[in-house]
Amino acid sequence: MGSPDDESRFVSRGFTGRRRTLEQEAERLPPGQYAERGFPVLTAGPTPAVESDAWGFRIDGMVSNERELTWDEFSHLPFEDIPCDIHCVTKWSKLGTRFGGVSVDVLLDGVEPHGDYAMAYSYGGYTTNLPLADLTGAKAWVVTEHEGEPLPREHGGPARLLVPHLYFWKSAKWVAGLRIMDHDEPGFWEQNGYHIRGDPWKEQRYWGD
Amino acid sequence: MEGTAVLGGLTPVEQRAPGRWQIGEVRAIVDETPRVKSFRIALPMWMPHLPGQHYDVRLTAPDGYRAQRSYSVASSPLDEGEIELTIDRLEDGEVSPYFHDVVVVGDQVEVRGPFTSYFVWRGESPVLLVGGGSGVVPLMAMLRHKRRAMPDVRMSLVYSVRHADDVIYRDELGDDAFLTFTREPPVGWSRHTGHIDAALIAEVGIERGSAFVCGSNGFVESASSLLLDAGFEPGEIRTERFGPTG
């Protein structure tokens, strides 16, 4: 595992590592992560209650055509099965899980964005920023199912963003929309100490990483 | 401010950036409960943290294998040059059993921090702290700091544990702490038992202000619903949840 400070000779006295990951899993774990079997919850505040018939998804901001979808309209869009690994900044990774949802490429169809950045926003007020390049090209989805079941409320149900190649705080729970912008701007955790982009393979956890 | 003279012996300010790995030395270990210990660690690049912030800890084996976890700071930032990390021993964990079974006073440990600025107390008043089990740790940093820096601020702790011997920081819980035992209270306990409920929140008497809730996901869900029912707005309730980590 390469990280810039690998030169340091420090060894923790008496540490052997008793919970090493299986060889076949190790190469799927970004630096500093460990494989977790469960699905822990990380939420900054009380869990919002959003019923699916009240849920809607908007794409607004710097676009030619704003788009607004109801739950019913969303459910008629092309639906994909998304097998993936997810990586939380709090160190756990969940390998070999699957979600079901609609590609952001499909959601952006006909919208014509005029900016290279987006702010994802959620019911309950959460925000997280992403370059459009991280949301397009079959890399991001709005998902409503996990392991074949409706997405549980505590994990962002009825719908959350899924951007598995970035740390999981970017996968906004209870997502309500994307605002297209011509500049990058920190979202909630990005203002509160987490990295502006959050690539787990570069271990971009905190400001300055 | 107490202790500003100590700064002379520390690394210059420009090198004390958060986020750099540094080698600390364990100066004291306190057995809090049969499965919880506190570790006082002196840091060469110490900087003041906000009560509620955490450090990352990294263990390295001789062959280069590494494991990392995050732990909340339990001490006040007025303890210059040192931090206290309180660590719950998780049986199937990797980092917490190392701290419990291997680390002794004088050992070196690699850490970096302090990190994140959401679950932090910046002097708001009044403040209601609600902790379950080892979720009390970041709340203790707030309570300890309040007592030393802003004693007149109204801050109370509601603290839920299972058994009589699960109480962390037992000797520091005063009139500002409201304990409840969900399984087995101490012999002769005549106050609240069972899960935190509306009656216990009402007994504390803080209905608005800032609330900090920390514990397992289930604990945080039920405690934050109680606070919403008691009159807190969603934006007044900050939460920190821990899943199985170790």
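Letters go in sequence order (proteins before strands), and every chain restarts at 1.
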Peer 1: Grab the two heavy atoms, one from A/Lys91 and one from B/Arg69, that are nearest each other, plus how far apart they are.
Peer 2: NZ-C, 4.0 Å

Peer 1: Rounded at 0.5 Å granularity, tell me how far CD in B/Glu240 sits from OG1 in A/Thr90.
Peer 2: 10.0 Å

Peer 1: Is B/Val57 close to chain A through its backbone or its side chain, or both, or neither, when contacts mean heavy atoms under 4.5 Å?
Peer 2: neither

Peer 1: Will you find, in the side chains of A/Asn192 and B/Ser117, an N or O donor that is under 3.5 Å from an N or O acceptor?
Peer 2: yes

Peer 1: Would you mind telling me which of A/Gly125, A/Ala44, A/Gly124 has the largest number of heavy-atom pairs within less than 4.5 Å of chain B?
Peer 2: A/Ala44

Peer 1: Side chain, backbone, both or neither: which part of B/Leu59 has a non-hydrogen atom closer than 4.5 Å to chain A?
Peer 2: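 For B/Leu59, backbone and side chain are both near chain A.
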
Peer 1: More than 12 heavy atoms of other residues, nucleotides or ligands under 6.0 Å from CD of A/Glu51: yes or no?
Peer 2: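 For A/Glu51, atom CD is not crowded (no more than 12 foreign heavy atoms under 6.0 Å).
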
Peer 1: Where is the tightest heavy-atom contact between B/Val102 and A/Arg13, given as atom of each residue plus distance?
Peer 2: O-NH2, 2.9 Å

Peer 1: Is it true that a side-chain atom of A/Ser12 and a backbone atom of B/Thr60 form a donor plus acceptor pair closer than 3.5 Å?
Peer 2: yes

Peer 1: Taking the inter-plane angle between the rings of B/Tyr118 and A/Trp189 on a 0 to 90° scale, is it parallel (under 30°), tilted (30 to 60°) or perpendicular (over 60°)?
Peer 2: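 It falls in the perpendicular class, over 60°.
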
Peer 1: Is there a side-chain contact (heavy atoms from CB on, under 4.5 Å) between B/Arg112 and A/Asp209? Walk through the geometry before answering.
Peer 2: CA-CA 12 Å; B/Arg112 65 172 186 150; A/Asp209 278 353; 2.8 Å; yes

Peer 1: Determine the option with the most heavy-atom pairs under 4.5 angstrom with chain B, choosing from A/Gly14, A/Gly17, A/Pro46.
Peer 2: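 Highest number of heavy-atom pairs under 4.5 Å: A/Pro46.
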
Peer 1: Hey, is CZ on B/Arg208 packed in by over 12 heavy atoms from elsewhere, all under 6.0 Å?
Peer 2: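 Count over threshold, so yes.
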
Peer 1: Under 4.5 Å from any heavy atom of chain B, what part of A/Glu154 do you find: side chain, backbone, both or neither?
Peer 2: side chain

Peer 1: How far does CZ of B/Arg58 sit from CZ of A/Phe15, to the nearest 0.5 angstrom?
Peer 2: 11.5 Å

Peer 1: With only heavy atoms counted, which part of B/Glu221 is less than 4.5 Å from chain A, the side chain, the backbone, both or neither?
Peer 2: side chain

Peer 1: Relative to chain A, which segment of B/Leu227 carries a heavy atom at a distance below 4.5 Å: side chain, backbone, both, or neither?
Peer 2: neither

Peer 1: Mind ranking B/Ile23, B/Leu228, B/Val120 by heavy-atom pairs under 4.5 Å with chain A and telling me who comes out on top?
Peer 2: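 Most heavy-atom pairs under 4.5 Å with chain A: B/Ile23.
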
Peer 1: Mind listing the closest non-hydrogen atom pair of B/Glu110 and A/Phe10 along with its distance?
Peer 2: OE1-CD2, 3.6 Å

Peer 1: Quick one: does A/Tyr206's side chain have a donor or acceptor within less than 3.5 Å of a partner on B/Gly19's backbone?
Peer 2: no

Peer 1: Rounded to the nearest 0.5 Å, what separation is found between the CZ atom of B/Phe115 and the CH2 atom of A/Trp207?
Peer 2: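 If I round to the nearest 0.5 Å, the distance is 11.5 Å.
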
Peer 1: At a 4.5 Å cut-off on heavy atoms, which part of B/Val213 comes close to chain A: side chain, backbone, both, or neither?
Peer 2: neither

Peer 1: Under 4.5 Å heavy-atom distance to chain B, tell me which part of A/Thr47 shows up: side chain, backbone, both or neither.
Peer 2: both

